[in-house]
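Note that the structure is predicted; figures quoted are calculated from it, not measured.
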Amino acid sequence: MHQLQGKLCFLLVFVILHAENGNSFETIHFKSKTAINVQTSAAYDVILRILPPNTAAQFKVSVNPDIGPSHLTTYKFSSDGKIVYITGTSGVAVVWGFHHYLKHYCNCHISWQGSQLDLPSPLPVVSPEVLITSLNQVRYYQNVCTVSYSFVFWNWTRWEQHIDWMALNGINLPLAFTAQESIWQRVYLKMGLTQQDLDEHFAGPAFLAWSRMGNINAWGGPLSSHWHTFQLDLQHRILKRMRSLGMMPVLPTFAGHIPNAITRLFPNASVTRLRNWGHFSDPYCCTYLLDSQDPLFKQIGTAFIKEMIEEYNGTDHVYNGDLFNEMTPSSSDPDYLSAASRGVYDTIAAADSKGVWLMQAWLFTKGTFWTHEAIKAFLGGVPKGKLILLDLQAESQPVYNKTSSFFGQPFIWSMLHNFGGNHGMYGMLDAVNKGPFDAMKYKDSSMIGTGLSPEGIDQNYIIYDFMSDLMWRNKSVDIQKWIKNYSLRRYGSESASQALLLLARSVYNCTDAHEDHCAAIVVKRPTKDMSYQIWYNESDVVASWKAFLKAVDKVKISRLFRYDIVDVTRQVLQDFAYHVYTNIMNGYKTNSYTAINTYGDMLLELLLDMDRILSSHEDWLLGKWLVAAKLLATNAEEQNLYEFNARNQITLWGPNGEILDYGNKQWGGLLKSYYYDRWKLYIDTLLNCVETKHKFNQTVFNEQSLMLGQAWTKDTTIYPVIPTGDTIEISRQLYSKYETSFKEINRKIRKQHERKQ
């Protein structure tokens, strides 16, 4: 048993909050029981991990819970040019204040891809002191899928860096889902299930998120004993660090998803076999859901929570579990829906009398089942303030304004932004800039916080930095001014700001229903009628690329600048590929072997060019993803399984491409192998069809493509983990190579637009 310093759990004081608009509900007043000296030390340790010791010594920090309202987060700082004094109501508050000073006074930048920490000397004077108090109680972080799409193969070193990043951005309510299978294994074995039963239940490492939500069974498994041991040790470290900073990690709860073998031990249990999810078939579907009103539900759920509390030396009293995730309930009867939610909450309360249930509101955005009345019945099954709703994709599909602010249950306005961890530039700057503040002003608003909930990270960092920077503010910002400051912080110069402004008005400001789920043709299985909906002016992105290259002589060529050069180059080529594809298909429609061959070769060359620019940067390499997976293994069998998981998730996503290309990535090594081979197969097939005068058979091609994909997922070819080539030079060469083609496309687009007018 790991002993945490002073049992780092939280004292939850329940208070009644009365909003000005009249809404009232019982909600959580966070107050960490972690000793002030522990939080202070943890906060300063973050600073030591970020800055050199001599520079870090110029920062003096302290934790004082009394400097602001007890239910909010407050930090203050001042500087005489020699020493910066920072005080916060918690460890997180201190680190958040430190980051504020770095960003807005020193023009520094800390991101997922690296940092720009060229601090001025002497340090900027801040007098009088700056005092900031958050408008809301919580800053939430993670999606239940992030653990699979991004975190799955992380070790402690990587987790430590990311928890530092959370603290820097004021996150105080992060998910902590690691190792829950270790706890479930204990619970189920005690109940009489066998290890084989569990091997047929738990999915493999890269697919655990969907096993936990009851979507699939066993795909990518089984989990080894070493996996359980490693993950449990990792979870202890994660919780200890989060709690030491004053965060409130959210643990999982039981939502009724059970091993199929439960029906053998408890034949009279009230279970429902759920419908097929994602086109999976036996033995990976269909999963069983235990009725929350069945006594067995509370027995299993309380055993799980108590086992966690015992293992983790306490709890922070917030538990996440999702009923009916992308599944339709068996009944629309209001009494049934109320009972279903009440059963989950009652189970939490039976194990932890201070427990609060947090759930995604994602289910309410899907299909026609969840009517106004159905949602009201479901939410009404839980006492007000005991259920926190995560308005998961509030930037584009808010639920609070369709449910009278969740009928008074507290909610978190969250930006989802990304699906599948895909690459592809995307953002909704205007919507994000207004959304949280509109939600706070909404009639009878029950909003208690803001959040970031991407399915995958390591993409479009500018959007996450923008959203994070709004979390301490009390109103929207001037986006153009913010973008210019972002350029200064990220690159140490405003010289690239024009490039970013072009992106901000185009690809980063989607104003319609498009979502950030990359459907670029280069990463999708070819068909005869592929579409590629673009919500922005492509010429703006091309102009941004040109502006980035013009800024090369005026900025410091850092890892961050090179990363963004890769990204914009990749984006333009991704867009251009669609126009090449349309020429291929025009050739097929006119039975022109020459056109298919000419433009087919152009597309294949384009894929290799994309791979070349991607392979020039350390953060765009397939090899790093595969190596991270293999490094967690202790033997050859584990290594093969983990590598298979890593390969399958980003390609077939299932044994037979059940969720094909959902988790697609644009990585160096992946473009020139998997995607290149698939497109070559397609082009060769079209050429053969024209030559033999046979119609293209999509079904046959899909089968051949599947075989190609299955072979790739089982392959063990080693891919580079070290970049090759000069990013700037390669990007310049590619711009010069394709510049004439871009101009021709722009002329065609203008003519099409003129004809429509």
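A donor and an acceptor atom, one from each side chain of Gln459 and Tyr464, are located under 3.5 Å apart. For the 3.5 Å distance criterion, the side chains of Ser32 and Arg243 fail to qualify, holding no donor opposite an acceptor. In the model, Ser453 has a side-chain atom that pairs as donor or acceptor with a side-chain atom of Ser414 under 3.5 Å. When only modelled atom types and interatomic distance are considered, Tyr319 and Asp352 share a side-chain donor-acceptor pair under 3.5 Å.
Between Met447 and Ala439, the closest heavy-atom pair is SD-CB, 3.6 Å. Here the shortest heavy-atom pairing between Tyr461 and Ile110 reads OH-O, 3.2 Å. Closest heavy-atom contact between Leu390 and Tyr140: CD2-CE2, 3.3 Å. The minimum heavy-atom distance linking Val95 with Val46 is given by the pair CG1-CG1, 3.8 Å.
Between Phe406 and Phe411, the ring planes are tilted. Angles from 30° to 60° get that label. The aromatic rings of Phe378 and Phe364 sit perpendicular, their planes meeting at an angle over 60°, well past the 30° parallel limit. Relative orientation of the Trp210 and Trp653 rings is perpendicular, given thresholds of 30° and 60° on the angle between their planes. Aromatic ring pairs are classed by plane angle as parallel below 30°, tilted from 30° to 60° and perpendicular above 60°; the pair Phe151 and Trp154 is tilted. Between Trp535 and Tyr426, the ring-plane angle classifies as perpendicular under the 30° and 60° cut-offs.
A donor-acceptor pair is defined here as one N or O able to donate and one able to accept, closer than 3.5 Å; such a pair exists between the side chain of Asn418 and the backbone of Asn422. In this structure a side-chain-to-backbone donor-acceptor pair under 3.5 Å is present from Asn664 to Asp661.
Among pairs with a residue in residues 450-473, those fulfilling salt bridge (Lys or Arg N to Asp or Glu O under 4.0 Å) read Lys103-Asp465, Lys103-Asp469, Asp465-Arg489, Asp469-Arg473, at least two apart in sequence or across chains.
Judged as a side chain to side chain donor-acceptor pair (under 3.5 Å), and not counting sequence neighbours, Asp346 has no contacts.
Screening Glu181, His201, Gln231, Gln185 against Leu223 for a side chain to side chain contact (heavy atoms under 4.5 Å, CB included) leaves a single residue, Glu181.
By the neighbour-count criterion of 12 heavy atoms within 6.0 Å, atom NE2 of His279 is sparsely surrounded, having that number or fewer from other residues, nucleotides or ligands.
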